[in-house]
Amino acid sequence: MSIELNRRSFVNGAVAVAGAAAMSPLIAACGGGGSNSTTRRKGGTNSKKGAAAALPTYVASTAVQADIPSTTGAGSAVTDPGFLKYPANPAKSVSEIPGAGGSYTALTPLWGTIPAANNPFYQAVNKALGATLTMKPANGVTYDTTITTLTAARKLPDWVQLPGWWNSNFKVGELCGTQLADLTPYLAGDKVKKYPNLAAIPSGAWTAGMWQDKLYGIPSFSSGFGLPGQYFYRGDVFESKGINADDIKSCDDLLNLGKELTDAKGNVWAFDDLWPYIHEMFDFSQKFTVTGGKLVHKYEQPEFIEALNWCYKVAKSGYVHPDALAGNNNDAKTRFYAGKVLITADGTGAWNEADAQAGQAATKSYRRESFKPFSADGTKPPRLFLSSSAGEFSYLNAKLKPAQIEECLRIADYMAAPYGTAEYTLVNFGVEGVDYSHGANGPTPTKSGLANVQAQTFPFLATPVNVISNPDYPQLTRDRCAWNSEAAKYAYKPVFWNMNITVPQRYATADAGQAVEDTIKDVYHGIKPVSAFQDALSTWKGSGGGDALVQWYQTTVMDKLGTGQ
């Protein structure tokens, strides 16, 4: 069983709650009303100089050697390492017991059944830590309400996880330095070397946890190569039909393939919803690009219009499953597993052993594969913007004393032990013989492990960098690592990458652009023509405040603080 499976299960649960924001880069409206103060920037993002001064020094871990090492691509992208099976003899990465007998309360979200308080697994971890962490997982569905109630009453626990997609709800920027502790004095530069496992977390993940030129957030589930998603196809079906996916090198090729694959009378369509990651083909930005020193919103980029035109054409082609056109995305995986849809867009985490098991339960020959990246016209190299390096962060309470913060950081260092170490095994699988049995391919949870360990809590406080590991499907791991290595060649840092930006309340509606987004959805579903988007865009730019929003980003963020690239 892959630990990545559990992380992805969390992400899928979060998406059901938070929607696409859960998978978006960390560029959010995060703060209260009004513009930023000149005396104190409430949640303002970082200056290049300030961020550099606060950034922990990166020191790669050598505790465990991956079967498939990371590769370095463009835009400083570093792919996640691959493990074909779990290390048989986990090594220790922490030489001393981290705790000093302290007691702390920790609050984390959980999309699932909450384990019993003080269960044997929690007791075993606390014994290893030399401290008492009272874990209080809360219902993930209502977690945003739980947190806002606590912050309003100034009753946050000692240690709390604040998912990045709720930064706006939580007003994290305003909490930093008031209710949340500044970790810069403990982790900036070489100071992080006291905590070797924290030092091995990618620099971009730490940057994404910075506010006002200071470091506050401890990252979880970080990656040096995060993409919003990718395009998958049924590899088993393509093979049976003699189709070589590598021959698909443009959008015209893809549309022609759609005609070949669609058999509406046989209840088979080529495509599910293709819009979510269409930027990977048409190369429009995540939110902004810079042309001639000026910010240009994605809505106004020619490539965006081209993508919308193409998707409208696809919607009218008859090659898209009717349920996808109706906006029913909840059953997309079921359609893909059953072979009713043969090409689909999905998050990168969809490619794992849980998916293989679910797909093979529906169709024995099932095999998910992914198209190599290609550009719309097939003549230019594709460009893939990187997602935020981390989207989940834990924070320490500002009321903690320096000695307590240092103790919690030693505990976080233990939690961030690399995949395959003794510490990682305890935190993620529990006690051997009680919470898991160790088979040929790695740990398999027992009933106790499923109830107490796999309902993850500790990893929301700190984790190592993500890895790719599917012990029962080693070829899947090889395929994913190979795809990532190829795709990383085309990676780039988008404008405002890993920057937390507080947008004044007066621009919040324009920043969300909900009326435009609703029209876009109608266009790529074939309900409205592209001219409807152009009308909505005109309204957004003027009375909708779009032009004013872009100008605010230009003068307040880019001109003063840079682009984060």
Side-chain angles (χ1 to χ4, degrees), residues 1-4 6-7 56-67 69-70 78 80-83 85-100 104 106 108 121-122 124-131 133 135 159 161 183 186-187 192-203 205-206 209 217-224 390 392-394 396 406-432 435-436 438 442-443 445 449 453-454 456-469 471:
M1 179 179 180
S2 167
I3 198 66
E4 181 187 51
N6 299 312
R7 291 173 178 167
T57 300
Y58 174 74
V59 183
S61 174
T62 58
V64 180
Q65 298 300 313
D67 297 308
S70 299
V78 178
D80 297 336
F83 288 81
K85 60 181 180 180
Y86 200 79
N89 300 299
K92 293 188 69 175
S93 69
V94 178
S95 59
E96 298 178 351
I97 293 176
Y104 305 95
T108 60
F121 166 61
Y122 287 174
V125 173
N126 282 335
K127 181 179 180 181
L129 294 177
L133 285 184
M135 302 303 295
W159 203 337
Q161 157 70 218
L183 304 181
Y186 307 92
L187 298 175
V192 77
K193 291 182 179 179
K194 290 176 60 177
Y195 315 101
N197 293 328
L198 294 182
I201 293 174
S203 296
W206 289 112
I218 302 171
S220 290
F221 314 121
S222 61
S223 174
E392 293 89 50
F393 301 88
S394 69
L396 299 178
E406 290 176 342
E407 183 177 18
C408 287
L409 289 176
R410 293 194 300 272
I411 292 171
D413 185 67
Y414 188 102
M415 300 291 178
Y419 179 90
T421 59
E423 299 84 6
Y424 183 97
T425 304
L426 174 62
V427 170
N428 290 276
F429 293 103
V431 177
E432 186 173 8
D435 300 307
Y436 74 91
H438 200 103
V453 187
Q454 298 307 305
Q456 289 190 339
T457 51
F458 293 113
F460 284 98
L461 301 181
T463 71
V465 66
N466 286 349
V467 304
I468 297 173
S469 182

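Both backbone and side-chain heavy atoms feed into the values below; hydrogens, waters and symmetry mates do not. Bear in mind the structure is a predicted one, so any value in this text is a computation, not a measurement.
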(message) If you compare all heavy atoms of E407 against all heavy atoms of P98, which two are closest, and at what distance to 0.1 Å?
(response) CG-O, 4.4 Å
(message) Under the criterion side-chain contact (heavy atoms from CB on, under 4.5 Å), I'd like the reasoning laid out for V453 against N428: C-alpha separation, chi angles, the key distance, then a yes or no.
(response) CA-CA 7 Å; V453 187; N428 290 276; 5.7 Å; no
(request) Determine yes or no for a side-chain-to-main-chain donor-acceptor pair under 3.5 angstrom, with T463 supplying the side chain and F221 the backbone. (result) yes
(request) For residues G99 and A131, report the shortest heavy-atom separation together with the two atoms involved. (result) CA-CB, 4.2 Å
(message) What I'd like to find out is whether the side chain of K194 reaches to under 4.5 Å of the side chain of R410, using heavy atoms alone.
(response) no
(request) Identify which one of F458, W159, F460 satisfies the side-chain contact (heavy atoms from CB on, under 4.5 Å) criterion when paired with M135. (result) F458
(request) Might you point out which heavy atoms bring S203 and P56 nearest each other, and give the distance in Å? (result) OG-O, 4.4 Å
(message) Under a 3.5 Å distance rule, please check whether T425 uses its side chain to pair with a backbone N or O of T421 as donor and acceptor.
(response) yes
(message) Within this structure, what is the CD1-CH2 distance for the pair I201 and W206, rounded to the nearest 0.5 Å?
(response) 4.5 Å
(message) How long is the straight-line distance from OG1 of T457 back to CG of L133, given to the nearest 0.5 Å?
(response) 9.5 Å
(request) Might you point out which heavy atoms bring P87 and G420 nearest each other, and give the distance in Å? (result) CG-CA, 3.7 Å
(message) Would you say that V64 contacts F83 through its side chain, given a criterion of any heavy-atom pair below 4.5 Å between the two side chains?
(response) yes
(message) Using only atom types and a distance under 3.5 Å, with no angle test, would you say the side chain of Q161 pairs donor to acceptor with the backbone of F393?
(response) yes
(message) With side-chain contact (heavy atoms from CB on, under 4.5 Å) as the test, pick out the partner of P202 among N466, V78, V465.
(response) V465
(request) Check whether any side-chain heavy atom of F429 lies under 4.5 Å from a side-chain heavy atom of H438, and answer yes or no. (result) no
(message) Is any side-chain heavy atom of I218 closer than 4.5 Å to one of L183?
(response) yes
(request) Report yes if the side chains of I468 and P81 come closer than 4.5 Å at any heavy-atom pair, otherwise no. (result) no
(request) Establish, from distance only, whether the side-chain atoms of D80 and S223 form a donor-acceptor pair under 3.5 Å. (result) yes
(request) For the pair Y424 and Y86, name the ring-plane relationship: parallel under 30°, tilted 30 to 60°, perpendicular over 60°. (result) tilted
(request) Please round to the nearest 0.5 Å and tell me the distance separating atom CG of L396 and atom CG of L461. (result) 9.0 Å
(message) Working to the nearest 0.5 angstrom, can you tell me the gap between L129 CG and Y414 OH?
(response) 6.0 Å
(message) For A417 versus P464, what's the shortest heavy-atom pair and its separation?
(response) O-CG, 3.3 Å
(message) Checking side-chain polar atoms at under 3.5 Å, does S93 have a donor or acceptor matched by the opposite partner on E423?
(response) yes
(request) Report the distance from atom CG of L426 to atom NZ of K127, rounding to the nearest 0.5 Å. (result) 11.0 Å
(request) Working to the nearest 0.5 Å, report the span between OG1 of T108 and CD of Q456. (result) 10.0 Å
(request) Looking only at non-hydrogen atoms, find the nearest pair between G430 and Y436 and report the distance. (result) O-CE2, 3.2 Å
